[in-house]
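Here is the naming used below: chain letters follow the sequence lines, and residue numbers restart at 1 for every chain. Note that the coordinates shown come from a computational prediction; the quantities given were computed from them, not determined experimentally.
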Protein chains: 2
Amino acid sequence: MTVRILLVEDQAIVRNGLKLILEQDEEFQVIVEAGNGIEALSRLEHTHVDLVLMDVRMPEMNGIEATKRIKSLYPNLKVIILTTFEDDEYAYQTLKDGANGFLLKSSEPEKLLSSIHSVLSGGLVLQEDIAAKLMPKLLRQSVVAKDVEIQLSLTERELSIVKLVGEGKSNKEIANSLFLSIGTVKNHITNILQELDLRDRTQLAIYAVKNGLV
Amino acid sequence: MTVRILLVEDQAIVRNGLKLILEQDEEFQVIVEAGNGIEALSRLEHTHVDLVLMDVRMPEMNGIEATKRIKSLYPNLKVIILTTFEDDEYAYQTLKDGANGFLLKSSEPEKLLSSIHSVLSGGLVLQEDIAAKLMPKLLRQSVVAKDVEIQLSLTERELSIVKLVGEGKSNKEIANSLFLSIGTVKNHITNILQELDLRDRTQLAIYAVKNGLV
DNA sequence: GGATAAAAATGACTTTGGTCACAATGTTTC
DNA sequence: GAAACATTGTGACCAAAGTCATTTTTATCC
């Protein structure tokens, strides 16, 4: 049983690359292609496909809007979003609209293929990096997700202070709970703010929450 | 490269069945087995594994608690939860604790295997039925909370100030962007803090972020 | 029309936060 | 052993945040 795929991607070179990767798996067949969301929608009117692979950034109509419309017209059609690491902001909205998966363009080909199989057999697939960024947003509580960036630039002590700031603690409370003087806590915070290029504890707290440190 | 698996499941018959399925894929090797969470943890101390397949319902220590502990001890170890359709209540908590996937025991063997591959290559996999039940729950949480609780108690003006605080803006910046005096902004914030039972702008910012106001 | 409440403002005041300079100690690294 | 860095601390200082009392205007509700 072959899987009929609609590939939506504006850059012809990337599109061809993806097509080659997909058709390494003999089950997959790219039977339609489109360069933007509007084109994709009109293609779907005339052709039956099993799966849509959709780029996020495109002219005319982007992947977010296109996914929304496709899903409202064909709720059972599988849609997988192709994205770059920077585009994860959109992930939230698109999942809401019913996308079945989120894959990074930079993935290994095998990873891409196995994820597609997983979606076809009825799953929702999020790639690790995206899931890591998304889950805190959805779950709003500490998962594991210690950011690489943060840990590179901050020391153990600083990290534990950041967490407490992210819980809304005052310097006095932090000092008490870590058995430090208030002055020391202040010094640490000054250093942290400089390191992370933030202005005050409020921005630091926001940073901590958004990065799932709390 | 073989994948070393720890299989945690209390019923011997089911465990053997799963083992047979898993080892149909020559990459997979069940090298350790455990009948409950406590056993699983002690096995992990002595043996290195790449993946844990964990049943939810078990005597002594259930899969939820076990996953939590395993993930805090070995954050990079992949954990997939095996569940029945009725157990989806737990899914939420366990995802929070960092589980990498959720599979139904009733799945087709191939589905199971492809999902495991997907998790190993860095994904988060939710099976359709579970995702369908879970997503609304997750999406509702962060979005709806805002309208119900907060908007009941805060005025328009106050709400717009809360958002700016949630972006890390200072009183001066808020005053400028809303064309108010600094004193007015301070007054508003005092009222907001009282209304929401918070202490300072940092706690307010955290509140705003966690409730998806930013 | 009077009551109620949001919105805006001012001034005086206290507390907290953040910066800076400087210092002491211990650990790790080369 | 010197250099680099993490950690802790002090004291002085200024800026920002937050509280409180009080006032004015405007709009809405009964």
Nearest whole Å is fine: how far is [N] [atom2] from [X] [atom1]?
X: I189(B); N: dC20(D); atom1: CD1; atom2: P; answer: 15 Å
X: Q194(B); N: dC20(D); atom1: CD; atom2: C1'; answer: 11 Å
X: I182(B); N: dT19(D); atom1: CD1; atom2: C1'; answer: 16 Å
X: I161(B); N: dA17(D); atom1: CD1; atom2: P; answer: 13 Å
X: I174(B); N: dA16(D); atom1: CD1; atom2: P; answer: 14 Å
X: E158(A); N: dT8(D); atom1: CD; atom2: C1'; answer: 13 Å
X: R157(B); N: dA27(D); atom1: CZ; atom2: P; answer: 14 Å
X: I192(B); N: dT19(D); atom1: CD1; atom2: C1'; answer: 15 Å

Within-4.5 Å side-chain heavy-atom neighbours: [X] and [Y]:
X: L20(B); Y: Q24(B); result: no
X: L22(A); Y: L113(A); result: yes
X: D200(B); Y: R201(A); result: no
X: N176(B); Y: E173(B); result: no

Would you classify H188(A) as touching base, sugar-phosphate or nothing, given that sugar-phosphate means primed atoms plus P, OP1 and OP2, and contacts are heavy atoms under 4.0 Å?
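Base contact.
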Remember a base hit wins even if backbone is also touched, and classify D200(A) as base, sugar-phosphate or nothing at under 4.0 Å, heavy atoms.
sugar-phosphate
Hey, is R69(B) close enough to E65(B) for a salt bridge, meaning N to O under 4.0 Å?
yes
If the threshold is 4.0 Å, N to carboxylate O, is there a salt bridge linking E39(B) and R43(B)?
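So E39(B) pairs with R43(B) through a salt bridge.
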Between the two ends of the helix from dG1(C)-dC30(D) to dC30(C)-dG1(D), what is the bend in degrees, rounded to 10 degrees, where each end axis spans five pairs?
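The value is 50°.
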Toward the 5' end of DNA chain C, which comes first, K172(A) or L178(B), by nearest nucleotide?
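Of the two residues, L178(B) wins.
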Quickly, which of V52(B), D55(B), V32(B) forms a side chain to side chain contact (heavy atoms under 4.5 Å, CB included) with V8(B)? Name it, please.
V52(B)
Of the options dG18(D), dT10(D), dT19(D), whose atoms approach the side-chain atoms of R201(B) most closely?
dG18(D)
Please state whether the base of dT7(D) and the side chain of N191(A) form at least one donor-acceptor pair under 3.5 Å?
no
Given the structure, check if the side chain of N187(A) and the base of dG9(D) hold any donor-acceptor pair shorter than 3.5 Å.
yes
For N191(A) and T155(A): C-alpha separation, side-chain torsions, deciding distance, then whether side-chain contact (heavy atoms from CB on, under 4.5 Å) applies.
CA-CA 11 Å; N191(A) 294 332; T155(A) 66; over 6 Å; no
Between G183(A) and R199(B), which is nearer to the 5' end of DNA chain D once each is assigned its nearest nucleotide?
G183(A)
Any sub-3.5 Å donor-acceptor pair from K71(A)'s side-chain atoms to L77(A)'s backbone N or O?
yes
Chain B footprint on DNA chain C, 5' to 3' - any atom under 4.0 Å from a heavy atom
dA6(C) to dT10(C)
side-chain contact (heavy atoms from CB on, under 4.5 Å) evaluation trace for V3(B) with I116(B):
CA-CA 10 Å; V3(B) 178; I116(B) 294 174; 5.9 Å; no
Is S181(A) close enough to dT8(D) that one of its side-chain N or O atoms is under 4.0 Å from OP1 or OP2 there?
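For S181(A), the contact criterion (side-chain N or O under 4.0 Å from OP1 or OP2 of dT8(D)) is not met.
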